[in-house]
Enquirer: 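Take a look at the following structure, please.
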Number of protein chains: 2
Amino acid sequence: MVEEQDEKILAELQKDGRATNQQLAETVGMSTSACWRRVRALEESGVISGYSALVARERAGFATSAILHVSLERHDTKFVDEFVARVMQRREVLECFATTGDADYHLRVVVRDMDAYNRFLDEFMFRIPGIRHVRTNVILKEIKTGVALPF
Amino acid sequence: MVEEQDEKILAELQKDGRATNQQLAETVGMSTSACWRRVRALEESGVISGYSALVARERAGFATSAILHVSLERHDTKFVDEFVARVMQRREVLECFATTGDADYHLRVVVRDMDAYNRFLDEFMFRIPGIRHVRTNVILKEIKTGVALPF
DNA sequence: TGATATCTGGTAGATTCTACCAAAACGGAG
DNA sequence: CTCCGTTTTGGTAGAATCTACCAGATATCA
């Protein structure tokens, strides 16, 4: 489905999401029209789900971030769906994964400062029904924040 | 430093990193030239650190991902620097954060299948000097994988 | 107020996009 | 191997876009 030339394109567009079609065609070694059609196909098939500017968190004024381990009291769809729905619409939550292990969910949360994080917990997290336990691990240093899949 | 109009631009470019300057200028309500100059300034000042195509992990053939909690034996710069250097160049490691709490580091790792993950542990992670403990939490479901800061 | 620096919107040539075309490459069926 | 239908390719041209400049407006501060 995704073949070698496509992977080259994806790798390149992950590195530079605003590369012109001409640059792209040259680096992957095909004509501009062939390249353009492949990119379009990747977009329409949903392999490329979108494009985004990568914004430097601290420079943009978000000084605080944390990783949360969340466990639910019970795992009825009712509670799970409610949890997922709330997390989805809360923009401070950049990532949320259901995982094996002690906690049910791993969340990464980004806010402007500790005060905002405190409010996030009080006004949002602790009010979600069916939460058993929340453990906060404050992020001391971002070693690496990548988005590019390792083709 | 980053003012209100800039935040509008950043928000929009996070949503659509390939928006044309004209679209952008219209949605944030300024002239194309003023908008273009602001974008350029945001790029050059490093607030915008780059652009990336967002690739659907599973559709692109990466079926397996996990969150790792890693602790180091000792925290001399020697070991820390070595750990950081190795993690930086290993492309399966999409994210790595130094955190408070039990583990020293939280990593998110993406691979094609469980076999590749096993190799990742054996050939990479377990060979890093000074590792005390590695706990794997397999990601069962990606609820949310966002990159956009919550302006 | 006046001088200076900064920002604004508009413009035009250069670049790039994108929908089309005919030709080439591919893949079975006979 | 040859034929025919399908898919993919490279090229092209008009439309859209970018980007470096301009003169004028606005802000800053002594």
Side-chain angles (χ1 to χ4, degrees), chain A residues 1-63 112 146-151, chain B residues 1-63 112 146-151:
Chain A
M1 177 138 278
V2 174
E3 44 202 280
E4 195 188 324
Q5 277 182 317
D6 290 323
E7 293 200 348
K8 279 191 195 172
I9 290 176
L10 292 172
E12 189 58 26
L13 281 179
Q14 284 187 144
K15 274 198 291 190
D16 180 6
R18 292 204 73 135
T20 68
N21 187 53
Q22 300 189 349
Q23 292 175 280
L24 197 57
E26 186 166 1
T27 55
V28 305
M30 58 176 108
S31 72
T32 57
S33 39
C35 182
W36 186 77
R37 241 167 299 130
R38 288 193 108 89
V39 171
R40 174 177 243 272
L42 288 167
E43 289 169 357
E44 290 184 347
S45 68
V47 176
I48 295 175
S49 63
Y51 297 87
S52 182
L54 305 178
V55 179
R57 184 177 54 79
E58 295 222 52
R59 282 174 199 260
F62 294 87
R112 294 196 180 268
V147 294
L149 300 176
F151 288 109
Chain B
M1 177 137 277
V2 174
E3 42 202 283
E4 196 190 324
Q5 276 182 318
D6 290 323
E7 293 200 348
K8 278 191 194 173
I9 289 176
L10 292 171
E12 190 58 26
L13 280 178
Q14 284 186 145
K15 275 198 291 190
D16 179 7
R18 291 203 74 136
T20 67
N21 187 51
Q22 301 191 348
Q23 292 175 281
L24 196 58
E26 187 166 2
T27 55
V28 305
M30 57 177 109
S31 73
T32 57
S33 38
C35 183
W36 185 78
R37 240 166 302 129
R38 289 193 106 89
V39 171
R40 176 176 242 273
L42 289 167
E43 289 168 357
E44 290 183 348
S45 69
V47 176
I48 295 176
S49 62
Y51 297 88
S52 181
L54 305 177
V55 179
R57 185 177 55 79
E58 295 223 50
R59 282 175 199 258
F62 294 86
R112 294 195 180 271
V147 293
L149 300 176
F151 288 109

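Lettering follows sequence order; numbering is per chain, from 1. Side-chain atoms are counted along with the backbone in the values below, which use heavy atoms only and exclude waters and symmetry mates.
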Enquirer: Compare the minimum distances between each of C:dG9, D:dC18, C:dC17 and the side chain of B:N21, then state the nucleotide with the smallest one.
Expert: D:dC18
Enquirer: Nearest to the side chain of B:T20, heavy atoms from C-beta on, is which of D:dC18, D:dG10, C:dT16?
Expert: D:dC18
Enquirer: Let me confirm one number: the CD1-CD distance from A:I9 to A:E3, rounded to the nearest 0.5 Å.
Expert: 9.5 Å
Enquirer: Got a list of protein N/O to nucleotides 26-29 of chain D N/O distances below 3.5 Å?
Expert:
none

Enquirer: Select one nucleotide: of C:dG10, D:dT19, D:dG10, the one nearest the side-chain heavy atoms of A:A34.
Expert: D:dG10
Enquirer: When you match A:S31 and A:R18 each to their closest nucleotide on DNA chain D, which lands nearer the 5' end?
Expert: A:S31
Enquirer: How many whole angstroms separate atom OH of B:Y51 from atom P of D:dC18?
Expert: 11 Å
Enquirer: Grab the CD-C1' distance between B:E26 and C:dG10 for me, whole Å please.
Expert: 17 Å
Enquirer: State whether the side chain of A:R18 and the backbone N or O of B:G17 hold a donor-acceptor pair below 3.5 Å, judged by distance alone.
Expert: yes
Enquirer: Without decimals, in angstroms, what is the distance between B:W36 CH2 and D:dA20 P?
Expert: 4 Å
Enquirer: I need the CD-P distance between A:Q5 and D:dT8, as an integer number of Å.
Expert: 11 Å
Enquirer: Within this structure, what is the OG-CZ distance for the pair B:S45 and B:R38, rounded to the nearest 0.5 Å?
Expert: 11.0 Å
Enquirer: Of the options D:dT8, D:dT19, C:dT18, whose atoms approach the side-chain atoms of A:R38 most closely?
Expert: D:dT8
Enquirer: A:Q22 has a side chain; which of D:dC18, C:dA19, C:dC17 sits nearest to it?
Expert: C:dC17
Enquirer: For B:R40 and D:dA20, is the shortest distance between a side-chain N/O and OP1 or OP2 below 4.0 Å?
Expert: yes
Enquirer: What's the spacing between A:Y51 OH and A:D16 CG if we round to 0.5 Å?
Expert: 11.0 Å
Enquirer: Give the intermediate values and the outcome of side chain to side chain contact (heavy atoms under 4.5 Å, CB included) for residues B:R57 and A:L149.
Expert: CA-CA 7 Å; B:R57 185 177 55 79; A:L149 300 176; 4.2 Å; yes
Enquirer: Tell me whether B:R59 contacts the main-chain N or O of A:S49 through its side chain, where contact means a donor paired with an acceptor under 3.5 Å.
Expert: no
Enquirer: Expressed as a whole number of angstroms, how long is the span from B:E4:CD to C:dC7:C1'?
Expert: 17 Å
Enquirer: Check the distance between D:dG11's C1' and A:M30's CE and give it to me in whole angstrom.
Expert: 16 Å
Enquirer: Give a yes or no on whether a salt bridge exists between B:R112 and A:E7, defined as a side-chain N under 4.0 angstrom from a carboxylate O.
Expert: yes
